[in-house]
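Counting from 1, the numbers follow the sequence of the chain as shown. Computed from a predicted model, the values in this text were never measured in an experiment.
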Amino acid sequence: MKLNNAKKPIWTLFLMCFLMCIALIMIGTFSYLLKGWLIWDFDKSFPFGKEEIVTILKISLLGFPAGLVFWVFDIR
């Protein structure tokens with residue numbers, strides 16, 4: 001952990017935040033699809049809709065603070 005490094009590229013911060021958001025979107029989508037598949041009654045439509053997509057996008061916003069923490073403490 002290097003806290004004294006003053007020359008950190010800002011594009012690294014954006015990249016880490018973006019990649020954390022993408023990772024959380026992928027994990028959330030997989031988990032909601034798995035949940036929907038496990039509780040699916042074949043006579044009805046698949047239980048994955050707009051509410052789940054909004055929830056996944058809200059959860060993916062946690063990638064910004066996580067990327068910031070990884071950038072500040074130089075975790076790669």
Side-chain angles (χ1 to χ4, degrees):
M1 182 166 58
K2 304 173 197 173
L3 292 177
N4 57 357
N5 187 3
K7 293 182 125 184
K8 293 181 185 177
I10 196 75
W11 64 271
T12 306
L13 171 65
F14 294 132
L15 182 65
M16 292 181 91
C17 291
F18 175 73
L19 291 177
M20 287 299 296
C21 288
I22 296 299
L24 289 172
I25 287 173
M26 290 172 58
I27 291 169
T29 303
F30 176 74
S31 65
Y32 269 103
L33 286 174
L34 181 64
K35 181 193 86 153
W37 178 70
L38 290 174
I39 64 170
W40 186 22
D41 184 14
F42 291 107
D43 297 331
K44 298 179 183 174
S45 63
F46 192 72
F48 189 83
K50 295 177 188 174
E51 297 85 19
E52 286 80 12
I53 293 172
V54 169
T55 304
I56 290 170
L57 290 177
K58 286 180 183 177
I59 291 171
S60 73
L61 291 177
L62 291 173
F64 291 113
L68 180 66
V69 168
F70 288 166
W71 183 73
V72 167
F73 292 109
D74 203 21
I75 301 171
R76 292 185 190 151

What heavy-atom pair brings [X] and [Y] nearest, and what distance separates the two atoms?
X: Ile59; Y: Leu24; answer: O-CD1, 3.8 Å
X: Cys21; Y: Gly63; answer: SG-CA, 3.9 Å
X: Pro47; Y: Gly36; answer: CG-O, 3.6 Å

How many angstroms lie between atom [atom1] of [X] and atom [atom2] of [Y], to the nearest 0.5 angstrom?
X: Thr29; Y: Leu34; atom1: OG1; atom2: CG; answer: 12.5 Å
X: Met16; Y: Trp11; atom1: CE; atom2: CH2; answer: 10.5 Å
X: Ile25; Y: Leu61; atom1: CD1; atom2: CG; answer: 8.5 Å
X: Tyr32; Y: Ile27; atom1: OH; atom2: CD1; answer: 13.5 Å

Quick check: is [Y] connected to [X] through a chain of hydrophobic side chains (ILVMFWY, heavy atoms under 4.5 Å apart)?
X: Phe14; Y: Phe70; answer: yes
X: Phe73; Y: Ile10; answer: yes
X: Phe18; Y: Met20; answer: no
X: Leu38; Y: Phe30; answer: yes
X: Leu19; Y: Trp71; answer: no

Counting only heavy atoms not in Phe64 (residues, nucleotides, ligands), do more than 12 fall under 6.0 Å from its CZ? no
What residue among Ile56, Thr55, Leu57 forms side-chain contact (heavy atoms from CB on, under 4.5 Å) with Ile53? Leu57
